[in-house]
Protein chains: 2
Amino acid sequence: MPQNSASQEISLSLIKTACSNCNLRELCLPFGLSLEELERLDDLISTRRRIKRGDHLYRAGEAFDSIYAIRSGFFKTDVLLEDGRDQVTGFQMAGELLGLDGICTEAHTCNAIALEDSEICSIPFSRLEGLSREIHNLQHHFHKVMSREIVRDHGVMMLLGTMRAEERLAAFLLNLSQRFTARGFSHAEFYLRMTREEIGSYLGLKLETVSRAFSRFQEEGYIAVQQKHIRILDVNGLKALMTHRT
Amino acid sequence: MPQNSASQEISLSLIKTACSNCNLRELCLPFGLSLEELERLDDLISTRRRIKRGDHLYRAGEAFDSIYAIRSGFFKTDVLLEDGRDQVTGFQMAGELLGLDGICTEAHTCNAIALEDSEICSIPFSRLEGLSREIHNLQHHFHKVMSREIVRDHGVMMLLGTMRAEERLAAFLLNLSQRFTARGFSHAEFYLRMTREEIGSYLGLKLETVSRAFSRFQEEGYIAVQQKHIRILDVNGLKALMTHRT
DNA sequence: AATCACGGTTGACTTGGATCAAGCTAACGC
DNA sequence: GCGTTAGCTTGATCCAAGTCAACCGTGATT
């Protein structure tokens, strides 16, 4: 982003965080709110925080009191077992919410780690509950977001439970592509923010298997890969991989 | 259940469904409500419906307008792919809620099927939203329930992504045992309501693998199995299976 | 009592992905 | 410019779980 970064830094920390002038508003929590409602939501989202690549936004076990909206950047969430095994449970990008897992026990149940320098908006949860008691639209949309998370997880369960390695990776790439598109980026060309190992953990595969599948997709002409740079050359090829049982 | 079943039948259909005199109330949606609040919830849960073993409570694609609390019985939910593959996404028992997946698209995204004759309470969702705008405790508990569902799904993702067959089955049995205990049943002895194939689908395994794992657990003295009847003989043995990487 | 059907068990064999190991690439610090 | 390191690729081998197939047990039907 070649911009006047010095003055940018200053203005960012001075400008009051505001959903009402955020370009992600229609992807994020404020979806469907009126202008007047938006302003009331602004009052509650007072802090925007920078998270450096590699840093934790929160850790499993920490007390929960806020959920977080990603303003910019890219995160992963993972859960750890005592014996050291861990599972990446999701990758989150701008406009998506983090921390919903913490509501049920009042403590976070997973780790959220920035995969690139990111910015997040903190949303104090009890105040969100308060406001959503007053703003019907906000309440309903929040419920939709939680429900969407449940449905998304069912999709991952399907993927882990019934798909073979290449199907999983194809599904993963198509999902990323679709989410980048929704944010106005190219559907066909993007940089992966995560390592092969993190992809593998998410998809229930070893990093070598992920790497081999990338190579095979390239041989077949479905994609062009160079390290983290991906170009999708044949969306239908990838889709076909997923649907017809080999 | 050796009771006066004829009069029982009659009284059941006559008695107005009421959370306030339901013995599951502390496991279910009304958790933590005052008496006065309970009565307001009663007003909204007007219908109790019987679902016969094998019947659908709802199907993927159907319009969503209510969530359901299980009064008695046992359900599974599953999602189907076009090519015929399906994945069981959960097994639900008394006091648990069904249908939360439907909120985000206003259509159900999975099938809910009774695994034994069951009874459910319908909760019209827009009325629930209305009431939870008025009753703080209800709102908060509902959010907790949704969040718990997300956390549960993360657990399943961990299971599918990182565990081997016997670990998965051990985790499954311990989870069932714990949920039966919470409902006042024996933690050590229960009947499975689902087939080996359904267990396998849930755990991402084939039915033969499930069957072999049961046999091995029996050989090792962890459990006694006879068809669907399970007795857990060594909880710690099962727990140990899960924690230390073989 | 005989038949049927469904679900479960067990065995023999196959295979997809894991594991182990070596080498490559790109980015970074000095 | 050169070494170091983290991440990626590729090959060889192995093994857990899948597949295929036969058979068994239980309960329902006649």
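Hydrogens, waters and symmetry mates play no part in the numbers below; they use all other heavy atoms, side chains included. Predicted model, so just to flag it, every value in this text is computed and none were measured. Note on naming: letters A, B, ... go to the chains in the order of the sequence lines (proteins, then strands), and numbering restarts at 1 for each one.
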**Message:** Output the rounded distance in Å from CG (A:Leu192) to C1' (D:dG7).
**Reply:** 13 Å
**Heavy-atom protein contacts under 4.0 Å, nucleotides 6-16 of chain C, coded B base, S sugar-phosphate only, - none** = -SSBBBB---S
**Message:** I need the NE2-C1' distance between A:His229 and C:dA26, as an integer number of Å.
**Reply:** 16 Å
**Prompt:** Between the two ends of the helix from C:dA1-D:dT30 to C:dC30-D:dG1, what is the bend in degrees, rounded to 10 degrees, where each end axis spans five pairs?
**Reply:** 40°
**Item:** d(OH, A:Tyr191; P, D:dG7) in whole Å
**Value:** 18 Å
**Prompt:** With ring centroids as reference points, do B:Phe185 and B:Phe190 lie under 6.0 angstrom apart?
**Reply:** no
**Distance in angstrom units between A:Lys206 NZ and D:dC14 C1', rounded** = 15 Å
**Message:** What's B:Gly200 touching, base or sugar-phosphate or nothing? Going by heavy atoms closer than 4.0 Å.
**Reply:** nothing
**Prompt:** Are A:Arg85 and B:Met163 close enough that some pair of their side-chain heavy atoms sits under 4.5 Å apart?
**Reply:** yes
**Asked** So, for B:His154 and A:Glu149, which heavy atoms are closest and what is the spacing to 0.1 Å?
**Response** NE2-OE2, 4.3 Å
**Request:** Would you mind reading off the distance between A:Leu115 atom CG and D:dG7 atom C1', rounded to a whole angstrom?
**Result:** 14 Å
**Prompt:** Once the angle between the rings of A:Tyr68 and A:Tyr58 is folded into 0 to 90°, is it parallel (under 30°), tilted (30 to 60°) or perpendicular (over 60°)?
**Reply:** parallel
**Prompt:** Can A:Ser147 and B:Leu100 be said to form a side chain to side chain contact (heavy atoms under 4.5 Å, CB included), step by step?
**Reply:** CA-CA 6 Å; A:Ser147 173; B:Leu100 298 175; 5.6 Å; no
**Message:** With a sphere of 6.0 Å drawn around CZ of B:Arg183, does it hold more than 12 non-hydrogen atoms of other residues, nucleotides or ligands?
**Reply:** yes
Please set out all donor-acceptor pairs under 3.5 angstrom arising from side-chain atoms of residues 210-220 of chain A, sequence neighbours excluded.
unit_1: A:Ser215; atom_1: OG; unit_2: A:Ser211; atom_2: O; d: 3.1
unit_1: A:Arg216; atom_1: NH1; unit_2: A:Glu166; atom_2: OE1; d: 2.7
unit_1: A:Arg216; atom_1: NH1; unit_2: A:Glu166; atom_2: OE2; d: 3.0
unit_1: A:Arg216; atom_1: NH2; unit_2: A:Glu220; atom_2: OE2; d: 2.9
unit_1: A:Gln218; atom_1: OE1; unit_2: A:Val225; atom_2: N; d: 2.8

**Request:** Quickly work out the A:Ile230 CD1 to D:dC8 P distance and round it to whole Å.
**Result:** 10 Å
**Message:** Assess whether a salt bridge exists between A:Arg148 and A:Glu96, defined as any Lys/Arg side-chain N lying under 4.0 Å from an Asp/Glu carboxylate O.
**Reply:** no
